[in-house]
*Asks:* 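Take a look at this one; I'll ask things after.
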Protein chains: 2
Amino acid sequence: MSACDTCLVRNRAICSSLDNEEIKALNAIGRRRNLTPGESLMWEGEDSVLVANVIEGVLKLSTGTEDGREQIVGVVYPSDFIGRPFGSTSGHGVTALTDARVCVFSRKDFDAFAREHPSLEHKLLQRTLAELDRTRKWMLLLGRKSAGEKVASFLLEMSERLVQPGCIDAPDLPLRRFALPFSRQQVADVLGLTIETVSRQFTRLKADGIIDLPSRREVVILDRAGLAAEAG
Amino acid sequence: MSACDTCLVRNRAICSSLDNEEIKALNAIGRRRNLTPGESLMWEGEDSVLVANVIEGVLKLSTGTEDGREQIVGVVYPSDFIGRPFGSTSGHGVTALTDARVCVFSRKDFDAFAREHPSLEHKLLQRTLAELDRTRKWMLLLGRKSAGEKVASFLLEMSERLVQPGCIDAPDLPLRRFALPFSRQQVADVLGLTIETVSRQFTRLKADGIIDLPSRREVVILDRAGLAAEAG
DNA sequence: CGATGGTTTGAGATATATCAAACCTCGTGG
DNA sequence: CCACGAGGTTTGATATATCTCAAACCATCG
């Protein structure tokens, strides 16, 4: 029995395109790896040696300037794909925000496997297209939205993407209450703001009764319509 | 003889993955279309009914907010692919910046054709991955760079991407002199700035002797190293 | 030549950054 | 069990980059 048989994301990751024989072959070239918060799986500018599937946890993709400014350019969740297949370097670092479990492949092995399995490439294409859509939508936020709009948009996105899948009964309703996998500084790095500005927007939204903040990491959306209005 | 035989981008667009028989089949479901500056090929939020290859010209991809703020989320050049295959809606509008010529397909026809031609999907995947890399790099600019750095980065990118391919002898050196396909307002919409700020940065770079501006649309890079230093 | 649309320049307003201090929260060790 | 310390967070005061509003400018085209 391969590790894939019990995999939590077997039916949602790109692996879902493969039959049992194929899964076995893919499993043979991959291995599991656990990460703790802050631990990196790859670094910006490094040779693209690995690719991976996220099984559990949340990871950030980030780039920075020479002088230390950082921008988080993507956030990945269970079943998402990580890394740069068919390419030589990785344009961003990948770092765990929570405890995480990933299924890692050597890029070369994965490339070869993918080229022999068009259905896998098709899934990967679909995922990449969707990610590109999301990324472009985020550019509107970075380029044109105010701090208040950015924070509100961010909270809405979180409430939608942090849903634990698997609960078939509830068809992925956005969460009313959730724990942010980000520190305030990391939220700032997602939104292109400073930590102080993010903090002030959080307290303002709380003061306006739109959200509640039971603890540092937890958020409760009290007035979703209000939050959506703030998101611009 | 099909239109593809004389196509300027036959060997660089995703079509380059196909043999002559396949090209003929693809040609049968596509058609040429000319666009003039300002003319749109698709609109934000619209059903994804078309996809296309750019043969000639430059087009912008853009989204906006309800209240009229606009953000250009991508710029496409000859041989680039446009549209959202395997998806229901297009997240951004596509509008010609120059006179342009594209090769258009119904999305459904294209989807079906692509699924039967893994080598085409592979090319499309490569292109999409590269575009995602570029887009993420742009997020750093939008989120973390100053106006001066944004404009300098923009000019450098333009000088690299506006090179007319085909000149085999010179292996795509960046241009020293070129005509921007953007108005000042459009530059602002790419960089997440206002038109006035863009204008001031242009004149400052000119005053500093880093660039020259022979006319509204033309740019000469006098000091590439200096410009790179400004780009942060 | 005058009208038009885009661009530049200027003066002032403002959102966000910066700098600095106070404040929690939580784990540690006395 | 409480005091302490450290990291992260919030709050405050001020600075500044960029935006906003407004006018002048300049090419282009009838």
Side-chain angles (χ1 to χ4, degrees), chain A residues 36-38 60 65 67-71 97-98 141-155 179-208 211-219 230-232, chain B residues 36-38 60 65 67-72 97-98 140-155 179-208 211-219 230-232:
Chain A
T36 54
K60 67 169 183 174
T65 57
D67 59 331
R69 287 171 283 178
E70 187 173 349
Q71 177 68 45
L97 295 173
T98 64
L141 174 143
L142 286 174
R144 292 304 189 194
K145 291 197 177 179
S146 70
E149 291 171 327
K150 284 180 175 180
V151 170
S153 304
F154 172 78
L155 291 175
L180 286 176
F182 300 94
S183 70
R184 291 288 186 272
Q185 180 59 61
Q186 286 165 342
V187 176
D189 290 339
V190 171
L191 300 177
L193 296 170
T194 59
I195 184 175
E196 296 95 331
T197 299
V198 170
S199 178
R200 283 186 242 270
Q201 295 301 329
F202 269 90
T203 55
R204 184 181 62 78
L205 288 172
K206 180 177 177 179
D208 292 354
I211 62 170
D212 191 23
L213 301 167
S215 75
R216 285 184 171 176
R217 294 290 185 119
E218 280 179 309
V219 178
E230 293 272 345
Chain B
T36 55
K60 67 169 182 174
T65 56
D67 59 333
R69 287 171 284 179
E70 187 173 348
Q71 177 68 44
I72 293 179
L97 295 173
T98 64
L140 174 63
L141 175 144
L142 287 174
R144 292 303 188 193
K145 291 197 177 179
S146 70
E149 293 172 325
K150 284 179 175 180
V151 169
S153 304
F154 172 78
L155 291 176
L180 286 176
F182 301 94
S183 69
R184 291 289 186 269
Q185 180 60 62
Q186 287 165 341
V187 175
D189 290 340
V190 171
L191 299 177
L193 296 170
T194 59
I195 183 175
E196 296 96 331
T197 298
V198 170
S199 177
R200 283 187 243 270
Q201 294 301 330
F202 269 90
T203 56
R204 184 181 62 79
L205 288 172
K206 181 177 175 179
D208 292 354
I211 61 170
D212 190 26
L213 301 166
S215 75
R216 283 185 173 175
R217 292 289 185 120
E218 280 180 309
V219 179
E230 294 273 344

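Chain A is the first sequence line, chain B the second, and so forth, proteins listed ahead of strands; every chain is numbered from 1.
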*Asks:* Kindly write out the residues that satisfy side chain to side chain contact (heavy atoms under 4.5 Å, CB included) with A:Ser215, not counting sequence neighbours, or none if the list is empty.
*Replies:* A:Glu218
*Asks:* Flag the pair B:Leu205 / B:Leu155 as yes when at least one side-chain heavy-atom distance between them is below 4.5 Å, and no otherwise.
*Replies:* yes
*Asks:* Judged by each residue's nearest nucleotide on DNA chain D, which is more toward the 5′ side, A:Phe182 or A:Arg144?
*Replies:* A:Phe182
*Asks:* For residues 146-154 of chain A, tabulate all N or O donor-acceptor pairs below 3.5 Å that involve a side-chain atom, not counting sequence neighbours.
*Replies:*
{"from": "A:Ser146", "atom 1": "OG", "to": "A:Glu149", "atom 2": "N", "distance (Å)": "3.3"}
{"from": "A:Ser146", "atom 1": "OG", "to": "A:Glu149", "atom 2": "OE1", "distance (Å)": "3.4"}
{"from": "A:Glu149", "atom 1": "OE1", "to": "A:Ser146", "atom 2": "N", "distance (Å)": "2.9"}
{"from": "A:Glu149", "atom 1": "OE1", "to": "B:Arg69", "atom 2": "NH1", "distance (Å)": "2.8"}
{"from": "A:Glu149", "atom 1": "OE1", "to": "B:Arg69", "atom 2": "NH2", "distance (Å)": "3.4"}
{"from": "A:Glu149", "atom 1": "OE2", "to": "B:Arg69", "atom 2": "NH2", "distance (Å)": "2.8"}
{"from": "A:Lys150", "atom 1": "NZ", "to": "A:Leu191", "atom 2": "O", "distance (Å)": "2.9"}
{"from": "A:Ser153", "atom 1": "OG", "to": "A:Lys145", "atom 2": "NZ", "distance (Å)": "3.3"}
{"from": "A:Ser153", "atom 1": "OG", "to": "A:Glu149", "atom 2": "O", "distance (Å)": "2.7"}
{"from": "A:Ser153", "atom 1": "OG", "to": "A:Ala231", "atom 2": "O", "distance (Å)": "3.4"}

*Asks:* For DNA chain C, note the earliest and the latest nucleotide, 5' to 3', having some atom under 4.0 Å of a heavy atom belonging to chain B.
*Replies:* C:dG5 to C:dA11
*Asks:* Just to verify, what does B:Glu230 make a side chain to side chain donor-acceptor pair (under 3.5 Å) with, not counting sequence neighbours?
*Replies:* B:Arg204
*Asks:* How long is the line joining NZ of B:Lys150 and C1' of D:dA17, in whole Å?
*Replies:* 11 Å
*Asks:* For A:Thr194, report the nucleic acid contact type (base, sugar-phosphate, nothing); a contact means any heavy atom under 4.0 Å.
*Replies:* base
*Asks:* Using side chain to side chain contact (heavy atoms under 4.5 Å, CB included) as the criterion, list what pairs up with A:Ser199, not counting sequence neighbours.
*Replies:* none
*Asks:* If you look at every strand shown and take non-hydrogen atoms under 4.0 Å, does A:Ser146 touch a base, only sugar-phosphate, or nothing?
*Replies:* sugar-phosphate
*Asks:* Would you call A:Ile211 and A:Leu213 a side-chain contact if the rule is heavy atoms closer than 4.5 Å?
*Replies:* yes
*Asks:* Applying a 4.0 Å non-hydrogen cut-off, can you work out what B:Gly192 is touching in the nucleic acid: base, sugar-phosphate, or nothing?
*Replies:* sugar-phosphate
*Asks:* Report, as a single string ordered 5' to 3', how protein heavy atoms within less than 4.0 Å touch nucleotides 24-30 of chain D: B base, S sugar-phosphate only, - not at all.
*Replies:* --B----
*Asks:* So B:Glu196 and B:Gln201, side chain to side chain contact (heavy atoms under 4.5 Å, CB included) or not? Walk me through it.
*Replies:* CA-CA 9 Å; B:Glu196 296 96 331; B:Gln201 294 301 330; over 6 Å; no
*Asks:* Going from OG1 on A:Thr203 to NZ on A:Lys206, what distance comes out if it is rounded to the nearest 0.5 angstrom?
*Replies:* 9.0 Å
*Asks:* Should A:Gln71 and A:Leu142 be marked as a side chain to side chain contact (heavy atoms under 4.5 Å, CB included) after you check the CA-CA gap, both sets of side-chain angles, and the distance that decides it?
*Replies:* CA-CA 11 Å; A:Gln71 177 68 45; A:Leu142 286 174; 3.9 Å; yes
*Asks:* Rounding to a whole Å, what distance do you find between B:Leu191:CG and D:dC19:P?
*Replies:* 10 Å
*Asks:* To the nearest 0.5 Å, tell me how far B:Thr98 OG1 sits from B:Arg217 CZ.
*Replies:* 10.0 Å
*Asks:* So what is the end-to-end bend of the helix from C:dC1-D:dG30 to C:dG30-D:dC1, with 5 pairs used at each end and the value given to 10 degrees?
*Replies:* 20°
*Asks:* Donor-acceptor pairs under 3.5 angstrom involving side-chain atoms of residues 181-190 of chain B: please list them, not counting sequence neighbours.
*Replies:*
{"from": "B:Ser183", "atom 1": "OG", "to": "B:Gln185", "atom 2": "N", "distance (Å)": "3.4"}
{"from": "B:Ser183", "atom 1": "OG", "to": "B:Gln186", "atom 2": "N", "distance (Å)": "3.2"}
{"from": "B:Arg184", "atom 1": "NH1", "to": "B:Arg216", "atom 2": "O", "distance (Å)": "3.1"}
{"from": "B:Arg184", "atom 1": "NH2", "to": "B:Arg216", "atom 2": "O", "distance (Å)": "3.3"}
{"from": "B:Gln185", "atom 1": "NE2", "to": "B:Asp189", "atom 2": "OD1", "distance (Å)": "3.1"}
{"from": "B:Gln186", "atom 1": "OE1", "to": "B:Ser183", "atom 2": "N", "distance (Å)": "2.9"}
{"from": "B:Asp189", "atom 1": "OD1", "to": "A:Arg144", "atom 2": "NH2", "distance (Å)": "2.8"}

*Asks:* Could you identify which residues of residues 195-208 of chain A place a heavy atom less than 4.0 Å from some atom of DNA chain D, listed by residue number, or say none?
*Replies:* A:Glu196, A:Ser199, A:Arg200, A:Thr203
